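Report on the structure given below.
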There are 2 protein chains.
Amino acid sequence: MSERFDTLAQHFRENGHKLTQPRQAILHALLVAPKPLSPAEIQEQGQVFYADLGLVTVYRTLELMEEMGVVRTVHLADGCHGYALATPGHTHHVVCERCHAVVEIFGCELGEFLQSVAERTGYQITGHWLEIAGICANCQQMEK
Amino acid sequence: MSERFDTLAQHFRENGHKLTQPRQAILHALLVAPKPLSPAEIQEQGQVFYADLGLVTVYRTLELMEEMGVVRTVHLADGCHGYALATPGHTHHVVCERCHAVVEIFGCELGEFLQSVAERTGYQITGHWLEIAGICANCQQMEK
DNA sequence: GCCTTAACTGAAAAGGTTTTTCAATACGAG
DNA sequence: CTCGTATTGAAAAACCTTTTCAGTTAAGGC
């Protein structure tokens, strides 16, 4: 099992929560996801690992994980909520508007910008989420 | 009537929309609001100006205004959506994790970053969406 | 100022998503 | 292995948002 999984599992134990099969399935789903998932998507993906995973359990587990600070809520542009693991080494995503292909962007060049935001607003910045929309090379071809 | 109201009214007319009493009430509510309002709050505030204002109309008017680019959707941390009049130009928001206060950030310094993303990925970038989470000055005080 | 008509409205119903309730089940400490 | 408690899924409730529909209103032409 991956190192990240173990780290997450430990969070559960340290906070006195059981690491049940449904919860493990949810962790797996989030770990392999290339993008933030809605609760319904997490259920769907999680059922690959644990067939009976219920949507209610997804909501409850996400709430728990949010309290522990291991997931981040992302407010997707279409109004639904998405959840992604709160990664220390963090990445951003570019999503194709046509085919929804996702590319990860490594390296975050927002540090300086965030610094200036903190100074201007007096806020203590705790996190940020950047989603970039575009049209991937393939779909650009097809349009012609 | 305020200058900003007239400007908004003109937007409606220019796009071939009627400026009905319910819509005027919604504009007034948004104009006097010190923060983004949820649809329900807009209805409540709007009823001060037009008692029969229905929630359905609030949704429809917001949709219309979003198309015209005169309101901005703010994704509040508690899951609800908020709406605020759009200030001209592209802005981002910083949302307080504790009290959900919102501050607008003027000026977007992501242009260069997005340029490099386009080059690295081959995507044609069409938009981006940045959400910054933090703790506002007030809530920082209270924690002590 | 009226008339006409297409846009607009609120109420009700439908469609989604999220939360609560509850009896049955699974975890993990001992 | 056993036991007590946390956790589970299903069903129902509670929301929030969208659609449908018949009646109303705004705004341009006379």
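Source: prediction; values computed, not measured. Chain naming here is simple, since letters A, B, ... match the order of the sequence lines and numbering starts at 1 in each. Just the heavy atoms: all of them, side chains too, but no hydrogens, waters or symmetry mates, feed the values below.
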### Message
Before you tell me yes or no, could you show the steps for A:Tyr83 and A:Ile42 under side chain to side chain contact (heavy atoms under 4.5 Å, CB included), namely the whole-Å CA-CA distance, both residues' side-chain angles and the distance that decides it to 0.1 Å?
### Response
CA-CA 9 Å; A:Tyr83 292 85; A:Ile42 292 173; 4.1 Å; yes
If you take all heavy atoms of [X] and [Y], which pair is closest and at what distance?
| X | Y | result |
| --- | --- | --- |
| B:Leu53 | B:Gln47 | O-NE2, 3.0 Å |
| B:Val58 | B:Pro39 | CG1-O, 3.7 Å |
| A:Ala29 | A:Gly46 | CB-N, 3.8 Å |
| A:Cys136 | B:Tyr123 | CB-CZ, 3.3 Å |

### Task
Would you jot down, in residue-number order, the residues of residues 43-51 of chain B having a non-hydrogen atom under 4.0 Å from DNA chain C?
B:Tyr50
### Sidechain-backbone polar pair: B:His28 side chain, B:Gln24 backbone, donor-acceptor under 3.5 Å
yes
Between the protein and nucleotides 18-23 of chain D, are there any N/O to N/O pairs under 3.5 Å, and if so, what are the atom names and distances?
unit_1	atom_1	unit_2	atom_2	d
D:dT20	O4	B:Arg60	NH1	3.4

### Query
In the hydrophobic cluster built from side-chain contacts under 4.5 Å, what are the other members alongside A:Val48?
A:Phe49
### Message
Suppose we screen for side chain to side chain contact (heavy atoms under 4.5 Å, CB included). Which residues come up paired with A:Val117, at least two apart in sequence or across chains?
### Response
A:Phe113, A:Arg120, A:Thr121, A:Ile125, B:Val94, B:Ile105, B:Ile132
Over how many whole Å does the gap from [X] atom [atom1] to [N] atom [atom2] extend?
| X | N | atom1 | atom2 | answer |
| --- | --- | --- | --- | --- |
| A:Asp52 | D:dT7 | CG | C1' | 14 Å |
| B:Leu53 | C:dC8 | CG | P | 15 Å |
| A:Leu64 | C:dC27 | CG | P | 16 Å |

Side chains of residues 60-70 of chain B: which donor-acceptor pairs under 3.5 Å do they make with residues two or more places apart or in other chains?
unit_1	atom_1	unit_2	atom_2	d
B:Thr61	OG1	B:Thr57	O	2.8
B:Glu66	OE2	B:Thr73	OG1	2.2

## Note on the structure
Residues in residues 14-24 of chain A with a heavy atom under 4.0 Å of DNA chain D, by number, are A:His17, A:Lys18, A:Thr20, A:Pro22, A:Arg23
### Query
Will you find, in the side chains of A:Gln115 and A:Glu119, an N or O donor that is under 3.5 Å from an N or O acceptor?
yes
